[in-house]
Amino acid sequence: MPLDFSPSRKPLSTFSLAGMTDIVLLLLIFFLLTSNFIPQMGIQVTLPQVESSAPVDRDYVTVVLTDEGTYFVNGQRVSEGRLVAAIRETRTTQSALVLRADEGATIGQFATVASAAQALNLRVLMATERNRQ
């Protein structure tokens, strides 16, 4: 009795993409979820270090004060004289102003932002970073 080693079935000529589709979908979900955890601050400032900080809700106007004395309102550069007008233009329903001031900024620059916020009846909150120990 001779042995027959010839294949009785034809080889697969199609390739199932179901497994690759699952992997791509899982990678897409992973990258979409983790991209939300990356802070998107465009203006780099060195915030003061403190022991504890209070959480801030998302309904605020952001003013960035660099160590060179440059003012940014919601990412747009403004002059000191136009600070009140720029905050008024960007404000909709916000009741607070978050000041992200560099450690090298002066008290006079902080007072300028605080006085602009007071003129528009906004609370001033100072952004800080928690000490890493």
Side-chain angles (χ1 to χ4, degrees):
M1 172 168 163
L3 294 176
D4 183 21
F5 289 108
S6 64
S8 60
R9 297 185 325 188
K10 294 169 69 175
L12 291 176
S13 61
T14 61
F15 181 72
S16 175
L17 294 176
M20 189 182 316
T21 306
D22 291 342
I23 291 172
V24 169
L25 181 64
L26 287 174
L27 285 173
L28 179 67
I29 291 170
F30 172 77
F31 287 123
L32 285 175
L33 290 177
T34 57
S35 67
N36 290 336
F37 299 121
I38 300 171
Q40 300 294 330
M41 292 298 175
I43 303 157
Q44 296 296 324
V45 291
T46 305
L47 295 177
Q49 301 286 321
V50 294
E51 293 299 321
S52 65
S53 60
V56 179
D57 56 342
R58 290 282 184 195
D59 195 27
Y60 55 82
V61 176
T62 303
V63 175
V64 178
L65 178 56
T66 64
D67 57 347
E68 293 95 24
T70 309
Y71 298 94
F72 293 88
V73 176
N74 283 350
Q76 301 295 325
R77 185 178 182 161
V78 295
S79 65
E80 184 177 337
R82 249 192 60 70
L83 188 61
V84 176
I87 295 171
R88 184 179 294 124
E89 290 169 5
T90 59
R91 179 183 178 193
T92 55
T93 61
Q94 293 94 344
S95 61
L97 180 142
V98 173
L99 177 61
R100 294 179 48 85
D102 193 276
E103 286 181 335
T106 65
I107 296 295
Q109 295 164 336
F110 175 78
T112 301
V113 175
S115 117
Q118 184 179 13
L120 296 172
N121 199 21
L122 292 171
R123 291 182 305 139
V124 178
L125 303 171
M126 182 75 179
T128 58
E129 285 184 355
R130 193 175 277 202
N131 279 340
R132 293 189 178 113
Q133 296 177 356

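Any value given below was found using the heavy atoms of this structure, including those in side chains, with hydrogens, waters and symmetry copies removed.
The number of heavy-atom neighbours closer than 6.0 Å to CG of N121, taken from other residues, nucleotides and ligands shown, is 12 or below.
L122 and A96 make their closest contact through CD2-N, 3.8 Å (heavy atoms, listed as atom of the first residue, atom of the second, distance). Residues L120 and R91 come closest through the heavy atom pair O-NH1, 2.6 Å. What you find for L97 and A117 is that their closest heavy atoms are CD1-CB, 4.1 Å.
For the side-chain contact (heavy atoms from CB on, under 4.5 Å) test with I29, the passing option among L27, L33, L32 is L33; the others fail.
With hydrophobic clusters built from ILVMFWY side chains whose heavy atoms lie under 4.5 angstrom apart, I107 does not share a cluster with L65.
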What's the verdict on side chain to side chain contact (heavy atoms under 4.5 Å, CB included) for R123 and Y60, showing C-alpha distance, side-chain angles and the deciding distance?
CA-CA 9 Å; R123 291 182 305 139; Y60 55 82; over 6 Å; no
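Screening residues 105-118 for salt bridge (Lys or Arg N to Asp or Glu O under 4.0 Å) gives no qualifying pairs among residues at least two apart or on separate chains.
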Which pairs of donor and acceptor atoms, one on a side chain in residues 77-89, lie under 3.5 Å apart (sequence neighbours left out)?
{"unit_1": "S79", "atom_1": "OG", "unit_2": "R82", "atom_2": "N", "d": "3.4"}
{"unit_1": "R82", "atom_1": "NH2", "unit_2": "E89", "atom_2": "OE1", "d": "3.3"}

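N74 places a side-chain N or O within 3.5 Å of a backbone atom of T62 that can act as its donor or acceptor partner.
Among residues two or more places apart in sequence or in another chain, the side chain to side chain contact (heavy atoms under 4.5 Å, CB included) test is passed with L17 by F15, M20, T21.
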